[in-house]
Amino acid sequence: STKLTIGNAANSGNVGIGTTSPQQLLHINNTSGDFGAEAVLRGSTSAGTPKSEVAFKRGTSGDGAEMILRTSNSSGTIQDVMTLDTAGNVGIGEISPDRKLVLDGLLGTAALEIKKESDRIVYLGTGTGAAGSDDTVMLLYHDDVIKVNVSTIGDSYFNGGNVGIGETGPSEKLQVNQTNNDIYQL
């Protein structure tokens, strides 16, 4: 059977691997029909050490498919770093996302970090507690200085002005405005 087709009048210059009638510029067709089968684009060094991959993987049942991005560590071991599954869920650091976006970082690292140029603005992740600690931290910054620290273990604080509860323009460090218009200040 034909394994590679390169441009002819019938396919207008499209390239096909595993198909004799490619429908796109590059059309890869895995004819095995096996669940979990992959079509992979791989980048390697001149010595053949894999550096990165994009895998198109047939789902474990039905006609669904997922896309997996893989990178390699310093020894050339390929690892999944991002998955787009059959339900449209995205996992970064998570190979089986069960929600629209799942970010999974190592302990003591950010699962999500937002920066403006080199200044950190938002950090969501695990804290830097004892080994194996899974405490969660949310840090908000201004000019690379922590202004809000919300932690599931340890102290949480606001360090950037007055705080209002039920009040959008607090004039004291903590101002609570009840729905009956009573104002409590500390």
Side-chain angles (χ1 to χ4, degrees), residues 18 23-44 50-161 163-166 168:
Q23 303 299 308
Q24 303 295 324
L25 288 174
L26 175 60
H27 184 158
I28 301 171
N29 187 36
N30 184 340
T31 58
S32 73
D34 296 336
F35 291 114
E38 294 184 357
V40 178
L41 300 175
R42 176 181 280 178
S44 301
K51 289 297 179 186
S52 61
E53 294 180 349
V54 178
F56 303 93
K57 182 177 181 178
R58 184 168 180 204
T60 55
S61 63
D63 289 331
E66 55 188 34
M67 184 173 72
I68 304 166
L69 299 179
R70 297 177 176 136
T71 60
S72 62
N73 60 21
S74 59
S75 65
T77 303
I78 291 285
Q79 55 199 5
D80 294 359
V81 293
M82 186 170 128
T83 301
L84 175 59
D85 75 7
T86 58
N89 297 329
V90 176
I92 299 175
E94 171 63 47
I95 61 172
S96 299
D98 58 355
R99 291 174 178 75
K100 288 299 175 192
L101 178 61
V102 177
L103 306 169
D104 190 2
L106 299 172
L107 288 176
T109 65
L112 174 66
E113 189 169 34
I114 300 172
K115 291 184 174 185
K116 179 182 177 189
E117 297 172 2
S118 64
D119 289 341
R120 185 184 283 173
I121 298 170
V122 176
Y123 172 102
L124 297 173
T126 55
T128 56
S133 175
D134 200 17
D135 56 314
T136 304
V137 177
M138 176 181 73
L139 305 173
L140 303 178
Y141 292 78
H142 178 72
D143 289 335
D144 228 16
V145 174
I146 299 173
K147 295 297 184 173
V148 176
N149 177 345
V150 179
S151 176
T152 58
I153 298 174
D155 296 332
S156 295
Y157 60 86
F158 295 89
N159 186 16
V163 175
I165 300 175
T168 59

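Just so you know, these numbers use all the heavy atoms, side chains as well, and skip hydrogens, waters and symmetry mates. In what follows, residues are counted from 1 in the order of the sequence shown.
When the side chain to side chain contact (heavy atoms under 4.5 Å, CB included) test is applied to I146, the partners found at least two apart in sequence or on another chain are L139, Y141, N149, Y157. Checked against side chain to side chain contact (heavy atoms under 4.5 Å, CB included), I95 has the following partners two or more places apart in sequence or in another chain: D80, T83. Taking V122 as the reference, I114, L124, L140 meet the side chain to side chain contact (heavy atoms under 4.5 Å, CB included) condition, with sequence neighbours excluded.
How far CD1 of I68 is from CE of M82: 11.0 Å, rounded to the nearest 0.5 Å. The CD1 atom of I78 lies 7.0 Å from the OG1 atom of T71; values are rounded to the nearest 0.5 Å. Going from atom CG of L69 over to atom CG of L84 covers 9.0 Å, rounded to the nearest 0.5 Å.
Smallest separation of non-hydrogen atoms from K115 and I121: C-CD1, 4.0 Å. Closest approach of A87 and D85 over heavy atoms only: N-OD1, 2.9 Å. Contact record, N89 with D98: ND2-C, 3.9 Å, taken as the closest heavy-atom pair. Nearest heavy atoms, A55 versus R70: CB-NH1, 3.4 Å. In terms of heavy-atom proximity, V137 sits nearest to S151 at CG2-OG, 4.3 Å. Nearest approach of P97 to G91, heavy atoms of both residues: CG-N, 3.5 Å.
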*Stepwise, does the side-chain contact (heavy atoms from CB on, under 4.5 Å) test hold for R120 with D144?*
CA-CA 6 Å; R120 185 184 283 173; D144 228 16; 3.6 Å; yes
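The number of heavy atoms from other shown groups lying within 6.0 Å of CG (D155) does not exceed 12.
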